[in-house]
Trainee: 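Before I ask anything, here is the structure I am working with.
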Amino acid sequence: MSSVTSKLKSIWLVSIESIPAHRSFDFKNGDDASNYWGDRPQSGLVLLPVQDLRMSNIFIVHAHPEARSLTSSLKNLAVETLTAEGHDVQVSDLYAMHWKAVADAGDFPQRKNANRLRYASESGNAFANGTQPADVVAEQQKLLWADAVILTFPLWWFSAPAILKGWVERVYAHGFAYGVGQHGGDRWGDRYGEGSLAGRRAMVVVNIGGREPHYSERGVNGRLDEILWPIQHGALFYPGMQSMPPFPVYQSDRMTEERWPEVADAFRARLRTLFTDAPIPYRTQNGGHYDGQQVLKPGLGEGETGLRIHLVQPGDPPERLKAELPQAAALARI
């Protein structure tokens with residue numbers, strides 16, 4: 001068995017109703033998660049790794065071109081804090097690595113179809129046949145090694161820097177992060193709560209130039225949770241990771257020496273509860289809340305609007321998933 005395969009984790013599917021009261025699963029105790037998302041469901045599904053919640057491998061993907069920036073300072077603080085807590089930490093500093101952000105034909109030296117590039121098809125072929133570029137394989141191995149993934153980046157034009165988007169596009173190969181599991185009939189594979197990266201936690205650390213009210217319910221820029229939806233629900237939850245509420249720093253370009261200790265203390269506190277705070281309660285695709293066309297069933301999401309209908313609500317029926325290791329044999333090829 002390869003080192004990659006040995007990192008695949010089986011998952012316990014546990015109904016919250018069966019768990020004794022504990023801060024990790026108390027969705028109404030006013031912690032950071034509740035402050036970010038509001039009321040929490042009283043029943044539902046929690047994905048728990050078989051091992052202890054205090055896991056040890058943390059992978060930081062960092063995207064900022066300036067080593068002395070606030071974003072880089074937070075990355076450095078994360079490494080310092082997590083290492084002091086006994087965790088093993090790996091960092092991919094994308095700018096320092098000169099990461100190739102463009103997904104193109106150069107990613108496939110052995111093409112399935114030399115006449116026309118179909119990126120998803122060539123990605124799946126390279127993944128299945130062990131011909132992926134070495135830089136892509138290295139990042140996939142880090143993801144499988146990790147028990148938690150942290151993304152650190154500034155909010156540029158309502159999204160992450162292009163280099164981070166390019167990291168996702170190249171590393172999330174077909175067969176690795178998408179195109180996983182059974183496809184057919186009413187089932188659209190293992191995604192949104194299931195997949196190759198299930199059992200891991202993920203958190204976004206984002207620096208924002210604007211003021212916090214700009215990103216509030218009625219703020220001109222839109223709600224922060226909706227701006228980050230493609231990252232938190234897409235890039236993180238889609239392949240199976242449990243997304244934690246983000247750690248935003250507003251007015252980041254106006255950071256002062258007097259303000260920094262407060263921000264640093266708050267960030268240390270979030271890092272120390274990375275494995276115990278409640279994740280964002282996104283609905284799982286195959287847990288029973290969506291119909292055969294992956295549309296939310298009638299009666300669910302009432303009282304909410306927009307993207308928040310896709311959060312499990314109080315009184316919703318418990319979700320049920322199969323506890324399976326997705327494509328273990330294929331992942332062993334990495």
Trainee: Around Arg259, counting heavy atoms of other residues, nucleotides and ligands shown, do more than 12 lie under 6.0 Å from its CZ?
Mentor: yes
Trainee: Does the pair Arg283/Glu319 count as a salt bridge with the N-to-O cut at 4.0 Å?
Mentor: no
Trainee: Name every donor-acceptor pair, under 3.5 Å, that has one atom in a side chain of residues 58-66 and the other anywhere in the protein, sequence neighbours excluded.
Mentor:
residue, atom, partner, partner atom, Å
His62, ND1, Thr152, OG1, 2.7
His62, NE2, Ser72, OG, 3.0
His64, ND1, Glu66, N, 3.0
His64, ND1, Ser69, OG, 3.2
Glu66, OE2, Arg68, N, 2.9
Glu66, OE2, Arg68, NE, 3.3

Trainee: Test your reading of the model: is there a side-chain donor-acceptor pair from Arg270 to the backbone of Pro246, 3.5 Å cut-off?
Mentor: yes
Trainee: Can you tell if the side chain of Phe275 reaches within under 4.5 Å of the side chain of Asp147, non-hydrogen atoms only?
Mentor: yes
Trainee: Can you see whether Trp188 engages Gln285 through a side-chain donor-acceptor pair at a distance of less than 3.5 angstrom?
Mentor: no
Trainee: Would you indicate whether the side-chain heavy atoms of Trp260 and Ser73 approach each other to under 4.5 Å?
Mentor: yes
Trainee: Where does the angle between the aromatic ring planes of Tyr238 and Tyr192 fall among parallel (under 30°), tilted (30 to 60°) and perpendicular (over 60°)?
Mentor: perpendicular
Trainee: Looking at Trp156, I'd like to know if its CH2 atom is crowded, meaning that more than 12 non-hydrogen atoms belonging to other residues, nucleotides or ligands lie closer than 6.0 Å.
Mentor: yes
Trainee: Hey, what's the ring geometry for Trp229 with Tyr282, parallel, tilted or perpendicular (30° and 60° as the breaks)?
Mentor: perpendicular
Trainee: Is it the case that more than 12 heavy atoms not belonging to Lys100 sit under 6.0 Å from its NZ atom?
Mentor: yes
Trainee: Show me the pairs that pass side-chain hydrogen bond (donor to acceptor under 3.5 Å, both in side chains) and involve residues 109-121, at least two apart or across chains.
Mentor: Asp107-Tyr119
